[in-house]
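The block underneath contains the structure these notes are about, expressed in structure tokens.
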Amino acid sequence: MSQARIVTRFAPSPTGYLHIGGGRTALFNWLYARGRGGKFLLRIEDTDRERSTPEATAAILRGLTWLGLDWDGEVVSQFARKDRHAEVAHQMLARGTAYKCFSTKEEIGAFRAAEEAAGRYPIFLSPWRDADPATYPDRPYVIRMKAPRTGETIISDRVQGKVTFRNDQLDDMIVLRSDGVPTYMLAVVVDDHDMGVTHVIRGDDHLANAARQTMVYDAMGWPVPVWAHIPLIHGPDGKKLSKRHGALGVEEYQMMGYPAAGMRNYLTRLGWAHGDAEIFSTEEALAMFDLDGIGRAPARLDFKKLEHVCGQHIARTEDAALLHELEAYLAASGQPALTEGQHALMLKAMYCLKDRAKTFPELLEKARFALTARPVAPDAAAAALLDPVSRGILKTLTLQLQNATWEKAELEIILTAAAEQAGIGFGKLAQPLRAALAGRTATPSVYDMMLVIGRDETIARLNEAAG
RNA sequence: GGCCCGUUCGUCUAUCGGUUAGGACGUCUGGUUUUCAACCAGGUAAGAGGGGUUCGACUCCCCUACGGGCUGCCA
């Protein structure tokens, strides 16, 4: 049997931003398809007209784009396909695998209330299931799936294994509402079938749905896709994800300054493993990712590890690309863009910055010496370092730097000698120098700073501080 | 309530009946050092509980506890 081309999809409902769990689901689908030369499709499940908004759709698309998850073809609107769904519902009717049900919401509600009051599990069994069409009343009806009443439905899941559901636990779900709008349960199946989806990778909150959906596939005589129900992500406290945990929309993470590559890496490892692989590029992830590596237990978000992974990625990213991403971060978070001069200096400085930052805000903080303009405004700690004695030493140093060739080796000789002359350790010299050059007490190496800003700027800042 | 899923260091996880239960983050100690980081070395720390099956269980089965999901004319 030849392996058909793999097609996966991400199908969010546009009722809010793309949250981190949805982002990971999309990522898994993307990795699986793209890693195997398959297609990754995007469908917006907007059949709930009350709660769906175009703003949410836009936010989801932005989130996916930032994460670098590109999809094939046009974004499919589920609502736009409602006629096709209705058509299938009627085909089911014609095939005898569905029937018209005239029970009203009130009747069903009353039934449920009575069952629950009696301490029973309310499975509504429609009296119209086998009714004679001649007895049909003249009023609105829904179309219900004629689900098997006995036996069991078995889901063969790539993550959960074989999961068995007793058919008598499942009721005849509605596939077409009385207003002619299809329900999710029908729409997903029709869409996945029509779009040629071969692998359904989604949250395990859909596991039970897979059984009902299997019945629709069977009713239509369509091949059932491969299922892979992945565990949900929990907050750091192990509870379900909510805004309280800071586990917000994917875009919030972008605002916090995490690089997309780091997010992908972290999210890939959350609930999935391949031996001891921890830090890897997207290309490597694409090559390694497989459904077999997905765990069955929900995973918690760990910001410390996220930061570590992001730091590794920042350190590995090529300078120009990193600067480009930093500027995108600036724009996305509403901060002023870099001037041409700052851009050039950042590019020059990147080598001594990227090893020490885990997020873009940290990178910016380390880059303060390169981004600031004279007069350098020292913070309290830095100002305290610039006492009269230190200023005197800096003044002398300025003279010695005047004609230095601006190379690290020579600067080392000069600074070391200066410290000796002053009768202090190198550290005692480096601190005021740091304060003068960056206005801060924590900065990159003094040599790196001097090399990056150049002789003239270095001397100007020293004079300013010494004066 | 019913059905379904889950449970290995604090956290993410490896292990697919036989290991001193491995790695990573965190944390602790030491090193490097020019501050903060980064980096390097080392330490710390785990099979929810109870029954089975087996020569041998983290691994297979059952029960309990705990957590989660579903149980809509929501998706």
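Every chain is numbered from 1 and lettered A, B, ... according to where its sequence line falls, protein lines coming before strand lines. When reading the values below, keep in mind they use all heavy atoms of this one structure, side chains included, and skip hydrogens, waters and symmetry mates.
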Next on the checklist: Taking C9(B) as the reference, what is the distance to A46(B) when you measure between their P atoms (whole Å, please)?
Outcome noted: 9 Å
Next on the checklist: Please determine whether side chain to side chain donor-acceptor pair (under 3.5 Å) holds for the pair S126(A) and R144(A), giving the CA-CA distance in whole Å, both sets of side-chain angles, and the decisive distance to 0.1 Å.
Outcome noted: CA-CA 9 Å; S126(A) 173; R144(A) 298 187 101 101; 5.3 Å; no
Checklist outcome for this item: So, with a heavy-atom separation below 4.0 Å from RNA chain B, the residues of residues 347-354 of chain A are none
Item to check | Span that lies between the C1' atom of A24(B) and that of C60(B), in whole angstrom | outcome: 30 Å
Next on the checklist: Does R139(A) qualify as a cation-pi partner of F102(A), given the criterion of NZ or CZ under 6.0 Å from the six-membered ring centre and within 45 degrees of its axis?
Outcome noted: no
Next on the checklist: Rounding to an integer number of Å, can you tell me how far I294(A) CD1 sits from G6(B) P?
Outcome noted: 14 Å
Next on the checklist: Suppose you measure atom P in G51(B) against the same atom in G31(B); what distance do you get, rounded to whole Å?
Outcome noted: 49 Å
Item to check | Parallel, tilted or perpendicular: ring planes of Y258(A) versus F303(A), cut at 30 and 60 degrees | outcome: tilted
Next on the checklist: Closer than 4.0 angstrom, basic N to acidic O: yes or no for D171(A) and R212(A)?
Outcome noted: yes
Next on the checklist: Counting only Watson-Crick pairs (N1-N3 plus N6-O4 or O6-N4) and G-U wobbles (N1-O2, O6-N3), all under 3.5 Å, who is the partner of G72(B)?
Outcome noted: none
Next on the checklist: Between N265(A) and T268(A), does the side chain to side chain donor-acceptor pair (under 3.5 Å) criterion hold? Intermediate values first, please.
Outcome noted: CA-CA 5 Å; N265(A) 188 159; T268(A) 301; 5.9 Å; no
Checklist outcome for this item: In whole angstroms, the gap separating C1' of C5(B) from CZ of R202(A) amounts to 15 Å
Next on the checklist: At 4.0 Å (heavy atoms only), tell me whether T15(A) reaches a base, stays on the sugar-phosphate, or touches nothing.
Outcome noted: nothing
Checklist entry - Within the structure shown, what part of the strands sits under 4.0 Å from E412(A) by heavy-atom distance: base, sugar-phosphate, or nothing? => result nothing
Checklist entry - Taking CZ from R300(A) and P from U13(B), how many angstroms apart are they, rounded to a whole number? => result 11 Å
Checklist outcome for this item: Taking U34(B), A75(B), C36(B) as options, the one with an atom nearest any side-chain atom of K366(A) is C36(B)
Next on the checklist: Give me the distance, rounded to whole Å, that separates U44(B) from C28(B) when you measure between the C1' atoms they each carry.
Outcome noted: 7 Å
Checklist entry - Want to settle it: does Y447(A) or E362(A) sit nearer the 5' end of RNA chain B, counting the closest nucleotide to each? => result Y447(A)
Checklist entry - Side chain of V446(A): nearest nucleotide among C36(B), U34(B), U13(B)? => result U34(B)
Checklist entry - Checking all strands, does P231(A) fall into the base, sugar-phosphate, or nothing category for heavy-atom contacts under 4.0 angstrom? => result nothing
Item to check | Base-pairing mate for G30(B) - Watson-Crick or G-U, with both contacts under 3.5 Å | outcome: C40(B)
Checklist entry - Is the H199(A)-F28(A) ring centre distance short of 6.0 angstrom? => result no
Checklist entry - In B/S/- notation, 5' to 3', how is nucleotides 21-26 of chain B contacted by protein heavy atoms closer than 4.0 Å? => result -BBBSS
Checklist outcome for this item: Testing U34(B), C12(B), G6(B) for proximity to the side chain of Q160(A), the answer is G6(B)
Checklist entry - In whole Å, what is the span from the CD1 atom of I154(A) to the P atom of C4(B)? => result 12 Å
Checklist entry - Reading nucleotides 58-73 of chain B from the 5' end, what letters show protein touch, with B for base, S for backbone sugar-phosphate only, - for no heavy atom under 4.0 Å? => result -----------SSBSB
Checklist outcome for this item: Mate of A65(B) across any strand shown (Watson-Crick or G-U wobble, both atom pairs under 3.5 Å) is U7(B)
Item to check | Salt bridge present between R9(A) and D191(A) (N-O < 4.0 angstrom) | outcome: no
Checklist entry - Using the C1' atom in both, what is the distance from G47(B) to U59(B), to the nearest Å? => result 10 Å
Item to check | Side chains of L401(A) and R455(A) in contact at under 4.5 Å (non-hydrogen atoms) | outcome: no
Checklist entry - Between the side chains of R434(A) and Q431(A), is a donor N or O closer than 3.5 angstrom to an acceptor N or O? => result yes
Checklist entry - Which word best sums up how the rings of Y136(A) and W128(A) line up, parallel for under 30°, tilted for 30 to 60°, or perpendicular for over 60°? => result perpendicular
Checklist outcome for this item: Of A14(B), U35(B), C12(B), the nucleotide closest to the side chain of A273(A) is A14(B)
Next on the checklist: At less than 3.5 Å, do the side-chain atoms of S445(A) and the base atoms of U34(B) form a donor-acceptor pair?
Outcome noted: yes
Next on the checklist: Strictly by Watson-Crick or wobble contacts shorter than 3.5 Å, is anything paired with G18(B), and which nucleotide is it?
Outcome noted: C55(B)
Checklist entry - How long is the line joining CD1 of I424(A) and P of U34(B), in whole Å? => result 13 Å
Item to check | Whole-Å distance separating the CZ atom of F369(A) from the P atom of C36(B) | outcome: 18 Å
Next on the checklist: Strictly distance-based, threshold 3.5 Å: is any side-chain N or O of T317(A) a donor or acceptor partner for the main-chain N or O of L322(A)?
Outcome noted: no
Checklist entry - For the pair made of CD1 in I279(A) and C1' in A38(B), what is the distance, rounded to whole Å? => result 14 Å
Checklist entry - Do the side-chain N and O atoms of Y184(A) and D48(A) include a donor-acceptor pair separated by under 3.5 angstrom? => result no
Item to check | Heavy-atom donor-acceptor pair, R356(A) side-chain to C36(B) base, under 3.5 Å | outcome: yes
Checklist entry - Touch check for S52(A), heavy atoms < 4.0 angstrom, all strands: base, sugar-phosphate only, or nothing? => result nothing
Checklist entry - Heavy atoms under 4.0 Å, any strand shown: does G295(A) hit a base, just sugar-phosphate, or nothing? => result nothing
Next on the checklist: Please determine whether a side-chain nitrogen of the Lys or Arg among R461(A) and E457(A) lies less than 4.0 Å from a carboxylate oxygen of the Asp or Glu.
Outcome noted: yes
Checklist entry - Rounding to the closest angstrom, what is the interatomic distance between C63(B) and U15(B) at atom P? => result 27 Å
Checklist entry - Are the side chain of D192(A) and the backbone N or O of V197(A) linked by a donor-acceptor pair below 3.5 Å? => result no
Next on the checklist: Roughly how many Å apart are G18(B) and C5(B), using the C1' atom of each and rounding to a whole number?
Outcome noted: 30 Å
Next on the checklist: Base, sugar-phosphate or nothing for R296(A)? Non-hydrogen atoms, less than 4.0 Å.
Outcome noted: sugar-phosphate
Item to check | Options U7(B), C4(B), A75(B), nucleotide nearest the side-chain atoms of V163(A) | outcome: C4(B)
Next on the checklist: Rounding to an integer number of angstrom, what distance separates G42(B) and G23(B) when you compare their C1' atoms?
Outcome noted: 16 Å
Checklist entry - Between D172(A) and K146(A), does at least one N-O distance fall below 4.0 Å, as a salt bridge requires? => result no
Checklist entry - Nearest-Å distance, NE2 (H85(A)) to P (A75(B))? => result 11 Å
